[in-house]
Amino acid sequence: MKSGLIVSKIRNGTVIDHIPAGRALAVLKVLGIKGIEGYRIALVMNAESSKMGKKDILKIEDREIEEKEAELITLIAPDATINIIKDYEVVGKRKQEIPQEVVGLLRCTNPSCITNNDVEAVTRFRTIKRKPLQLACEYCETRLTEDEVVRQILG
Amino acid sequence: MRDVISILDFSKSEVLELFELTDEVLSGKFKPRLEGKIVATAFFEPSTRTALSFTSAALSAGAKVLGFSSDEATSVSKGENLADTIRMLENYADCIVMRHKLDGSAKFAAEIAKKPVINAGDGKREHPTQALIDMYTVRKLFGTMEGLTFGFLGDLRYARTVNSMLRILTMFRPRMVYLISPPQLRARAEILEELNYPVKELTDVRDIIGELDVLYVTRIQRERFLDEDEYEKVKESYRLEYRTVEKMKRDSAILHPLPRVSEIDRRIDSMPQAKYFLEASYAVPLRSALLHEVMAGD
């Protein structure tokens, strides 16, 4: 079955396509969507894709993804397309740019890092490589690989 | 007023200016003047040389000094976090010299404090003022810091002084840098990745001993090991022997940030290459010049 046929078009909201297969739940987590907020959400996992083999798709009604949120999605879905929908039409696209800095979302894997030991310290990672993704802790310089970033976001 | 967190906070010209100022402190041509200033020495982790040399440097420049040399005597032992301790300290002093066991603690403290913070060692990350002393020693001995061949022997994984040294060398185009350590104690990738000069890793210093201008030896940083068994596996895994030093160039130098434990044969102390006590003697003039730059240099 073609993925486009599984769920109908949404009137207003955001469609995120070309998410790597199995990462749609991680995208929802990045967006802070737990399901109790009341948005109508269509989640398609492991749909066929000519470009990717398999992919995930998310359609979120009445929720526009901001640029900053789109950057965070890029961490786990670098080739995703994010379309903003109004009255069934695509009215905007969010640029897929890896953020230069990721604040507060990820945990440093170094147990001796200050961010794991002071209640006031907030994690801050700088992007040092885009493909494959590699981040560096701004405090202790420990590197986070793409796998680790996805693992943390998936929880 | 500025923070000193990483050696990379300095430009090459700032390093050279600081060394010229240190020359003038040593010759008596310049006297740092910090009358009316208060320096806090916040040593959450033990220190002899660094804490006392900063204290001596501050006192000799006319500043007053307060502080502590262990977190047991502070409210940290009652559960106070670093941020609150720093907020308190900056009410009492014009500058905070800080050592802490946690990686990145100095940067975090500098973000909290409006007063300048000088990193006197943060976990296994950096010890920038030690690298300044080390390179100042190289400059005094060789008349140049450019184009030399360096060897770093020992615990390159956890030694923060090595990190700061490898970074300061990016300013001085060394001919070659040999990193000599047991495989478990190799320098970390995040440090090596950003170096702009040739580096070779090896396990036996004897293979290249005759090539070296500077041999920098470190002790095994026992306190940084998360697992005591790992420490047991590598302790005493290297040692600089008298016979090895006999093969060094006569005008080459052995440096060590000290303290040393058993990694240098004590008979080497009387050999012409042994420069670690000379190196230690530059700590007070350099740190007094630095304190002047940090607090009164603007």
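Residue numbers start from 1 in every chain, and the chains themselves are labelled A, B, ... in the order their sequence lines are given, proteins ahead of strands.
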Identify which of A:Asn110, A:Ile128, A:Val119 forms the greatest number of heavy-atom pairs closer than 4.5 Å to chain B. A:Asn110
Value rounded to 0.5 Å, distance of NZ in A:Lys129 from CD in B:Glu193: 6.5 Å
Determine whether B:Lys107 and A:Arg124 make a side-chain contact, defined as any pair of heavy atoms from C-beta on separated by less than 4.5 Å. yes
Over all atoms of both residues, closest heavy-atom pair of A:Glu141 and B:Arg125: OE2-NH1, 2.6 Å
Here the gap from A:Glu120 atom CD to B:Ile86 atom CD1, rounded to the nearest 0.5 Å, amounts to 11.0 Å
What is the distance from atom OG1 of A:Thr142 to atom CZ of B:Arg188, rounded to the nearest 0.5 Å? 7.0 Å
Minimum side-chain heavy-atom gap A:Ile114-B:Asp103 below 4.5 Å: no
Report the option among B:His100, B:Lys124, B:Lys101, B:Arg167 that has the most heavy-atom pairs separated by less than 4.5 Å from atoms of chain A. B:Arg167
Above 12 or not: heavy atoms from other molecules or residues under 6.0 Å from CZ of A:Arg130? yes
For the backbone of B:Asn81 and the side chain of A:Asp118, can you confirm whether one donor and one acceptor N or O come within less than 3.5 Å of each other? no
Looking at CZ of B:Phe108 and SG of A:Cys140, how far apart are the two atoms once the value is rounded to the nearest 0.5 Å? 13.5 Å
So does B:Arg173 have more than 12 non-hydrogen atoms from other groups sitting under 6.0 Å from CZ? no
Distance col, row A:Cys113:SG vs B:Asp122:CG, nearest 0.5 angstrom, shows 10.0 Å
If you count every heavy atom of other residues, nucleotides or ligands that lies below 6.0 Å from A:Lys86 atom NZ, does the total exceed 12? no
Approximate separation, where rounding is to 0.5 Å, of B:Glu190 CD and A:Cys137 SG: 10.0 Å
